[in-house]
Amino acid sequence: MGTLTRQAALKTAARQSLAGKAAARAATTAPARSRRAMRALGGENVVDLLIRQHRQIRLGFLRAALPGPWRRRNFDRLMRLLAVHEAAEEAHVHPVARRVLRHGRELAARRRAEEKHAKELLIALWRTGPDGAGYLRRLNEARRAVSRHAAREEREELRALGKAVSPLRLRMLGTEVKLAQAYAPTRPHRWVNNEATNKLAAPVLGPLDRALDALRRRGAS
Ligand SMILES: [Fe+2]
Ligand SMILES: [Fe+2]
């Protein structure tokens, strides 16, 4: 082997060794970084997080039915929780279920159809508002549809995800859901009902809804 060829071979070996070290460093630091981020955000398992939110939603429906001066506040809280909960599921949870679960496509399609139906009822409820005629009837219709949907989601999708996905991935998904909920739209939007539209719409509709919420709160005080 001539001198030039030997030098070229040595350079290539050194480059490969550096690239290998960098890859090894990335592999060890990336999970460490995500673990740190998860700790900062709570890192709650996505299944526990969504089931806990389902309980809050059921309670929210009961509170929004109570008469008195707190009805508007309870109604606003319920609509906001429902909007951010469903937006994060549509954008981050159903797509994973579709990919990893047996019959995931059919399961995710059924959940989306239920969510679409519930969204129609929630839009009607939102337009009626807590002071409108027929409020309690619409609230009850939406409560029944949302409760049935949440029960099926827990039984058919979330428990299966809990078994099919690693604990670390479940916690990462919980963090993704929390982040998505922090800037998701706060009211139901008819055409925002799947992964793509949620991811596209959230950066525009999220801040817009929140600005309108702030204006309404200022007007009410
Ligand atoms: Fe859902
Ligand atoms: Fe849900």
Side-chain angles (χ1 to χ4, degrees), residues 41-42 44-64 74-101 103-126 138-165 169-202 205-206 209:
L41 287 159
E44 190 176 1
N45 173 319
V46 71
V47 175
D48 297 343
L49 170 67
L50 294 176
I51 290 178
R52 183 164 58 78
Q53 290 188 347
H54 286 171
R55 278 199 298 273
Q56 289 171 345
I57 288 168
R58 287 188 197 101
L59 192 62
F61 271 108
L62 298 179
R63 286 194 174 131
N74 290 338
F75 171 77
D76 286 346
R77 281 186 179 168
L78 171 66
M79 295 309 279
R80 187 187 180 104
L81 177 56
L82 279 165
V84 301
H85 177 87
E86 294 303 337
E89 281 181 348
E90 287 164 4
H92 297 274
V93 182
H94 301 328
V96 176
R98 195 165 51 230
R99 282 196 301 273
V100 306
L101 297 184
H103 308 303
R105 268 181 182 279
E106 294 83 353
L107 272 181
R110 280 208 292 271
R111 295 299 78 82
R112 272 192 52 208
E114 290 162 11
E115 281 162 359
K116 220 168 158 188
H117 170 63
K119 206 163 277 182
E120 292 296 333
L121 298 174
L122 290 171
I123 289 169
L125 177 64
W126 172 264
R138 288 196 188 284
L139 183 74
N140 201 31
E141 273 172 6
R143 183 189 61 76
R144 282 206 303 268
V146 168
S147 302
R148 270 199 305 267
H149 163 67
R152 286 188 190 131
E153 214 162 50
E154 290 179 17
R155 204 170 52 235
E156 296 176 14
E157 186 177 359
L158 296 178
R159 296 200 196 290
L161 267 183
K163 287 180 191 154
V165 178
R169 180 74 185 105
L170 288 173
R171 287 175 63 199
M172 285 169 76
L173 203 48
T175 304
E176 264 174 59
V177 162
K178 272 195 177 170
L179 280 172
Q181 291 182 341
Y183 61 83
T186 59
R187 60 192 68 184
H189 297 278
R190 182 168 285 120
W191 54 272
V192 184
N193 56 17
N194 60 30
E195 181 183 7
T197 51
N198 267 290
K199 285 184 176 169
L200 281 173
L205 289 178
D209 282 358

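The structure displayed is predicted, hence computed values, not measured ones. FYI, the numbering just counts along the sequence from 1. One-based numbering, in listed order, for ligands and for the atoms of each.
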Count the heavy atoms belonging to other residues, nucleotides or ligands that lie under 6.0 Å from CZ of R105, then report whether that count exceeds 12.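 Result for CZ/R105: open.
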
Report yes or no: does R112 contribute a side-chain atom to a donor-acceptor pair with the main-chain N or O of N193 at less than 3.5 Å?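 Yes, R112 side chain to N193 backbone: donor-acceptor pair under 3.5 Å.
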
Tell me the closest heavy-atom pair linking V192 and A201, and the distance in Å.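 In this case the closest contact between V192 and A201 is CG2-CB, 3.9 Å.
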
Are E195 and H94 close enough that a side-chain donor and a side-chain acceptor fall under 3.5 Å?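 No, because no side-chain N or O of E195 sits under 3.5 Å from a partner of the opposite role on H94.
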
Return yes if a side-chain donor-acceptor contact under 3.5 Å exists between N140 and R143, otherwise no.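 Judged by distance alone, the side chains do pair up.
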
Kindly write out the residues that satisfy side-chain contact (heavy atoms from CB on, under 4.5 Å) with E156, not counting sequence neighbours, or none if the list is empty.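 For E156 the side-chain contact (heavy atoms from CB on, under 4.5 Å) partners, ignoring immediate neighbours, are L107, R110, R111, R152.
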
Distance filter under 2.8 Å, centred on the Fe ion (ligand 1) - protein N, O or S atoms that pass it: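 Listed by chain and number, the atoms are E86 OE1, E89 OE1, E115 OE2, H149 NE2, E153 OE2.
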
